[in-house]
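Below is one structure; the comments refer to it alone.
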Amino acid sequence: MDGHVSDQEAANIAKMAMKQGVKYDFKHFPGQNQAQFCWQKYNEYLHCLNKNDCDEDACKVPKLHYTQVCPEAWTDEWDDQRDNGVFLGVQVGEIREDLKKNQH
């Protein structure tokens, strides 16, 4: 598999996601490549964790969104990278500590 999704597969994914609450942004993320959209949704979930002191219950909706649009293999890899401190996206916890330092 070359990582690209056919137009028909993209349309099917979009229909499924729309039924379950995720609105695809085809203007900014064409249906042929949803990688950036997936990355954005995953990082929105991490931002939510930061805003809510890592309370996963408060971030159920963003988590649902990324799980609906991202391949599980990608998010598993990103979770592993976060655990190993090499994830290039939003860092959970660090932002909250920075905010706390700036408030004092």
Side-chain angles (χ1 to χ4, degrees):
M1 188 168 173
D2 63 6
H4 294 290
V5 177
S6 72
D7 289 342
Q8 183 60 45
E9 290 172 309
N12 290 340
I13 292 168
K15 285 178 188 175
M16 179 183 69
M18 283 185 213
K19 286 180 186 176
Q20 297 175 356
V22 177
K23 182 180 176 190
Y24 267 75
D25 183 354
F26 286 107
K27 179 180 177 186
H28 294 104
F29 305 101
Q32 291 178 313
N33 184 356
Q34 291 295 315
Q36 181 64 35
F37 189 57
C38 166
W39 176 257
Q40 177 181 330
K41 291 300 176 189
Y42 185 80
N43 280 279
E44 285 174 3
Y45 168 69
L46 300 179
H47 275 294
C48 180
L49 290 176
N50 279 329
K51 283 195 236 177
N52 293 289
D53 293 322
C54 296
D55 181 3
E56 291 191 12
D57 286 338
C59 299
K60 286 181 180 178
V61 171
K63 184 173 185 174
L64 176 66
H65 288 176
Y66 89 74
T67 59
Q68 290 174 342
V69 298
C70 297
E72 187 174 355
W74 291 7
T75 58
D76 287 348
E77 177 66 24
W78 294 337
D79 289 341
D80 290 343
Q81 290 173 359
R82 288 176 44 221
D83 291 343
N84 293 318
V86 296
F87 181 65
L88 297 176
V90 172
Q91 302 300 309
V92 174
E94 286 183 14
I95 293 173
R96 291 304 312 167
E97 292 302 317
D98 290 345
L99 290 174
K100 289 176 184 176
K101 289 177 188 175
N102 289 335
Q103 290 176 350
H104 294 118

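Quick caveat, the model's predicted, so the values are computed rather than measured.
Between the side chain of Asp55 and the backbone N or O of Asp57 there is at least one donor-acceptor pair closer than 3.5 Å. With hydrogens and angles ignored, the 3.5 Å screen pairs no side-chain donor or acceptor of Glu56 with any backbone N or O of Cys54.
Just one of Asp79, Asp80, Leu46, Val92 meets the side chain to side chain contact (heavy atoms under 4.5 Å, CB included) condition when paired with Phe87; it is Leu46.
Atom-to-atom distance recorded for Trp39:CH2 and Glu44:CD is 12.5 Å, nearest 0.5 angstrom. The CZ atom of Phe37 sits 8.5 Å away from atom NE2 of His65, with the distance rounded to the nearest 0.5 Å. Considering OG1 of Thr75 and NZ of Lys63, their distance stands at 9.0 Å, rounded to 0.5 Å. Atom OH of Tyr45 and atom CG of Asn50 lie 11.0 Å apart (nearest 0.5 Å). From His47, atom NE2 reaches atom CD of Gln91 across 10.5 Å, with rounding to the nearest 0.5 Å.
Here the side chains of Cys38 and Trp78 are in contact, with some heavy-atom distance below 4.5 Å.
No chain of hydrophobic side-chain contacts below 4.5 Å, direct or via other Ile, Leu, Val, Met, Phe, Trp or Tyr residues, connects Val61 to Tyr66.
A donor atom on one side chain and an acceptor atom on the other are not found under 3.5 Å apart for Gln40 and Gln36.
Across Asn52 and Cys59, no two heavy atoms sit closer than the pair ND2-SG, 3.8 Å.
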